[in-house]
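The structure appears right after this line, and notes come after that.
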Amino acid sequence: MREPADAEARAIDLVEDLRAGHPAVGRILDLGSGTGSMARWLAPRLPGPQHWVLADRDPDLLAHAAANLPDRARDGSPVTAETRAVDVTTLTAEDLAGIDLVTASALLDVLTAEEVEAVAAACVGAGCAALLTLSVVGQVRLEPAEARDVPMAAAFDAHQQRVVDGRRLLGPSAPDVAERAFARRGAHVVSRVSPWQLGLDDVDLVVAWLHGWVSAAVAQDPDLARHADAYLDRRLDAAEQGRLRVHVGHLDLLALP
């Protein structure tokens with residue numbers, strides 16, 4: 001559902017920077033590949049033969065991703081793929097042997113600071129580039145605005161930085177942590193904003209996002225529950241009538257060795 005919005009949001013100029021600064025991108029590791037949306041977006045924008053290593057915990061998602069990859073690069077060169085189980089939380093430079101580029105989409109914010117540091121160390125240690133897209137930055141704006149937007153957004157941001165199984169998630173602080181982690185190790189880092197701008201053409205996604213956004217906010221701050229149903233109903237009505245616009249801030253990051 002989110003793939004078209006992701007494709008529209010990603011910072012295309014970082015692909016130009018990648019091609020200029022690291023032109024030999026033959027083997028690409030996509031962390032948390034899911035259904036393969038990153039590969040479907042990026043493969044046709046890069047020249048030369050490409051071999052994608054799709055890494056995810058879900059074998060069904062991996063099978064779908066491998067079966068729905070573009071077969072040609074920007075210049076008509078072949079694109080191939082394999083699937084692999086890679087634990088991003090324990091990634092090392094040795095795991096990236098032979099990899100030219102590491103990609104990920106909407107991943108950094110569900111990692112811890114230590115895990116992001118490890119990803120940066122692995123990429124820089126292996127001499128590979130990294131294109132890490134669509135990390136949330138804690139910027140949500142609904143138009144027309146409503147007073148209850150503010151506590152909902154604050155609770156949602158706190159929920160994204162909660163402790164899960166002993167791991168403190170980074171949430172919207174992830175892009176800043178990642179930029180500093182790569183730069184401190186000598187990588188050249190460039191970032192660009194990549195917001196979702198959702199409206200009438202994205203009603204299904206807006207409805208799904210609203211349900212998840214409000215649910216997470218209430219889970220974090222149960223005091224919001226007494227107003228949550230009415231708030232959600234108003235926002236859903238506005239979305240379905242084409243009167244609601246949603247801006248969700250993201251950041252894309254390119255790190256070059």
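Worth saying up front: this structure is predicted, and the values here are computed from it rather than measured.
In this structure, V86 is not a member of the same hydrophobic cluster as L54, with clusters built from ILVMFWY side-chain heavy atoms closer than 4.5 Å. Residues V88 and I99 share a single hydrophobic cluster, defined by chaining ILVMFWY side chains whose heavy atoms lie under 4.5 Å apart. Under the 4.5 Å side-chain contact rule for hydrophobic residues, L253 and L29 share a cluster. Linking Ile, Leu, Val, Met, Phe, Trp and Tyr residues whenever their side-chain heavy atoms come within less than 4.5 Å places L205 and L244 in a single cluster. Placement of V15 and V189 in two distinct hydrophobic clusters is found when ILVMFWY residues are connected by side-chain heavy-atom separations under 4.5 Å, directly or transitively.
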message: Between H64 and D60, does the side chain to side chain contact (heavy atoms under 4.5 Å, CB included) criterion hold? Intermediate values first, please.
response: CA-CA 6 Å; H64 176 89; D60 293 334; over 6 Å; no

task: Walk me through it: do L132 and L107 pass the test side chain to side chain contact (heavy atoms under 4.5 Å, CB included)?
output: CA-CA 8 Å; L132 310 172; L107 176 68; over 6 Å; no

task: Give the C-alpha distance, both sets of side-chain angles, the deciding distance and a yes or no for side chain to side chain contact (heavy atoms under 4.5 Å, CB included) between F156 and V136.
output: CA-CA 11 Å; F156 179 81; V136 297; 5.8 Å; no

field: Stepwise side chain to side chain contact (heavy atoms under 4.5 Å, CB included) test for R192 and D17
entry: CA-CA 11 Å; R192 295 286 186 274; D17 291 345; 4.1 Å; yes

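Listed for the R162 side chain is no donor-acceptor partner under 3.5 Å among the backbone atoms of A158. In this structure a side-chain-to-backbone donor-acceptor pair under 3.5 Å is present from D252 to L134. Judged purely by atom type and a 3.5 angstrom limit, Q161 uses its side chain to pair as donor or acceptor with the backbone of D157. Proximity of a side-chain donor or acceptor of R167 to a complementary backbone N or O of V110 within less than 3.5 Å is detected. Here the side chain of D237 pairs no donor or acceptor atom with the backbone of R234 at under 3.5 angstrom. With hydrogens and angles ignored, the 3.5 Å screen pairs no side-chain donor or acceptor of D56 with any backbone N or O of L62. Put simply, the side chain of Q50 gets close to the backbone of A43: a donor and an acceptor are under 3.5 Å apart. Formation of a donor-acceptor pair under 3.5 Å by the R243 side chain with backbone atoms of E240 is not found in this model. The backbone N or O of G199 lies less than 3.5 Å from a partner atom in the side chain of D202, making a donor-acceptor pair.
Heavy atoms only, all atoms of each residue included: P257 and G127 are closest at CG-O, 3.5 Å. What you find for L169 and D109 is that their closest heavy atoms are CB-O, 4.1 Å. Across V124 and A187, no two heavy atoms sit closer than the pair CG2-CB, 4.1 Å. The two atoms that bring R19 and P47 nearest to each other are CD-CD, 3.3 Å, heavy atoms only. The nearest pair of heavy atoms linking A217 to A155 is O-CB, 3.5 Å. Here the shortest heavy-atom pairing between L18 and A129 reads CD1-CB, 4.0 Å.
Under the 4.5 Å side-chain criterion, counting only non-hydrogen atoms from C-beta, V246 is not in contact with W213. Inter-residue side-chain proximity for D149 and R235 is flagged as met; some heavy-atom pair is nearer than 4.5 Å. The shortest side-chain heavy-atom distance between I28 and D100 does not fall under the 4.5 Å cut-off. Put simply, the side chain of L108 does not reach to within 4.5 Å of the side chain of P175, judged on heavy atoms. Side chains of R10 and S105 form a contact here, defined as non-hydrogen atoms less than 4.5 Å apart. Residues V193 and Q139 form no side-chain contact, since every pair of their non-hydrogen atoms from C-beta on lies 4.5 Å or further apart. No side-chain heavy atom of T133 sits under 4.5 Å from any side-chain heavy atom of L14. Contact of the P44 side chain with the R72 side chain is not registered, since no non-hydrogen atoms from C-beta on lie closer than 4.5 Å.
No salt bridge links E114 with R168; every basic N to acidic carboxylate O contact stays at or beyond 4.0 Å.
Here the straight-line distance linking atom OG1 of T83 with atom CH2 of W52 works out to 14.5 Å at 0.5 Å rounding. Distance NE2/H159 to CD/Q220: 6.0 Å, rounded to 0.5 Å. Separation of atoms CG (L254) and CG (L256) is listed at 4.0 Å; rounding is to 0.5 Å. Residue H22 holds its NE2 atom at 13.5 Å from NE2 of H188, rounded to the nearest 0.5 Å. To the nearest 0.5 Å, the span separating CD on Q241 from CG on L200 amounts to 11.0 Å. For the atom pair L210 CG and L236 CG, the distance stands at 5.5 Å (nearest 0.5 Å).
Relative orientation of the H250 and W196 rings is perpendicular, given thresholds of 30° and 60° on the angle between their planes.
At a cut-off of 3.5 Å, with distance as the only test, no side-chain donor of S37 or R2 sits close to an acceptor on the other residue.
Open room surrounds CG on D229; 12 or fewer heavy atoms of other groups in view lie less than 6.0 Å from it.
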